[in-house]
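Presented below is the structure to which this report refers.
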Amino acid sequence: VQLQASGGGLVQAGGSLRLSCAASERSFSNSAMGWFRQAPGKEREFVAAVTWRGGITYYADSLKGRFTVSRDNAKNTVYLQMNSLKPEDTAVYYCAAARERVGVSKDPDDLNWAYWGQGTLVTVSS
């Protein structure tokens, strides 16, 4: 099982990026999908997640209004649209897939986040 994250890069403050996470080898249409990030010297933290049916989204309080998570089950892909980026958004962003039909957890150490991508680096310059 693989989750391949892409779309990271260098962007100026105020800019936008769209991250993608494509799953291969199996369908995650019955799994919640999430995004987490880890900045240098900091612990991994929750960013956003979407339920397996796609009807409910969750965000870190500090990111509401700037980030949007969505999924396309037909493409087995989850997206993270990031707008109005700030230097403090600089981090490695990871996508994760939960065990089937399990609710969303904001804890990156929750073992229900069973599958992880390799991460994609987002750097926001001031």
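Everything numeric in this text was worked out from a predicted model, so none of it was measured. Numbers here are sequence positions counted from 1.
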Can you confirm whether or not the ring centre of Phe36 sits under 6.0 Å from the ring centre of Trp113?
yes
Those residues at least two apart in sequence (or on a different chain) that pass side-chain contact (heavy atoms from CB on, under 4.5 Å) with Glu100 are Arg26, Asn30, Ser31
Ala49 backbone acceptor or donor facing Arg71 side chain under 3.5 Å:
no
Any idea which heavy atoms bring Ser84 and Ser16 closest together, and the distance?
N-OG, 4.3 Å
Where is the tightest heavy-atom contact between Val122 and Gly8, given as atom of each residue plus distance?
CG2-CA, 4.1 Å
Pairwise distance CE(Met33) to CZ(Phe28) - rounded to 0.5 angstrom:
6.0 Å
Quick one, Val104 and Val50 - any side-chain contact, counting heavy atoms below 4.5 Å?
no
Apply side chain to side chain contact (heavy atoms under 4.5 Å, CB included) to the pair Arg44 and Arg37, showing each step before the final yes or no.
CA-CA 5 Å; Arg44 191 171 299 189; Arg37 68 184 184 184; over 6 Å; no
Once you round to the nearest 0.5 Å, how far does CG of Leu3 lie from OH of Tyr94?
13.5 Å
Please report the shortest heavy-atom distance between Val124 and Thr90, naming the atom on each side.
N-OG1, 2.9 Å
Do the side chains of Leu17 and Leu85 get nearer than 4.5 Å, heavy atoms only?
yes
Atom pair CD (Glu43) and CG (Asp109), whose distance is rounded to the nearest 0.5 Å:
7.5 Å
Evaluate the criterion side chain to side chain contact (heavy atoms under 4.5 Å, CB included) for residue pair Tyr115 and Gln2; output intermediate values, then yes/no.
CA-CA 8 Å; Tyr115 307 97; Gln2 284 191 329; over 6 Å; no
Between Met82 and Leu19, is there a side-chain heavy-atom distance shorter than 4.5 Å?
yes
Any chance the rings of Phe46 and Trp35 have centres within less than 6.0 Å?
no
Non-hydrogen atoms of Ala32 and Val102 that approach each other most closely:
CB-O, 4.0 Å
How would you list, by chain and number, every residue that makes a ring-ring contact (aromatic ring centres under 6.0 Å, His included) with Tyr59, sequence neighbours excluded?
none
Looking at Gly7 and Thr120, what are the two nearest heavy atoms and their distance?
N-OG1, 4.1 Å
One should read off an interatomic distance between Cys21 SG and Leu80 CG, to the nearest 0.5 angstrom, of 10.5 Å
Between Ser105 and Asp110, is there a side-chain donor-acceptor contact under 3.5 Å, judged purely by atom types and distance?
yes
Any residue meeting salt bridge (charged side-chain N to carboxylate O under 4.0 Å, His left out) with Glu88, in chain and number order, not counting sequence neighbours:
none
Ser70: side-chain contact (heavy atoms from CB on, under 4.5 Å) partners, not counting sequence neighbours
Tyr79
Only counting residues at least two apart or in another chain, list the ones meeting side-chain hydrogen bond (donor to acceptor under 3.5 Å, both in side chains) with Gln4.
none
Look at the aromatic rings of Tyr93 and Phe67 and report parallel, tilted or perpendicular, splitting at 30° and 60°.
tilted
Under 4.5 Å between any side-chain heavy atoms of Ser125 and Val11, yes or no?
no
State, to 0.1 Å, how close Asn76 and Ser29 come at their nearest heavy-atom pair, and which atoms those are.
OD1-N, 4.3 Å
Contacts satisfying salt bridge (Lys or Arg N to Asp or Glu O under 4.0 Å) that involve residues 56-67 (not counting sequence neighbours) are Asp61-Lys64, Arg66-Asp89
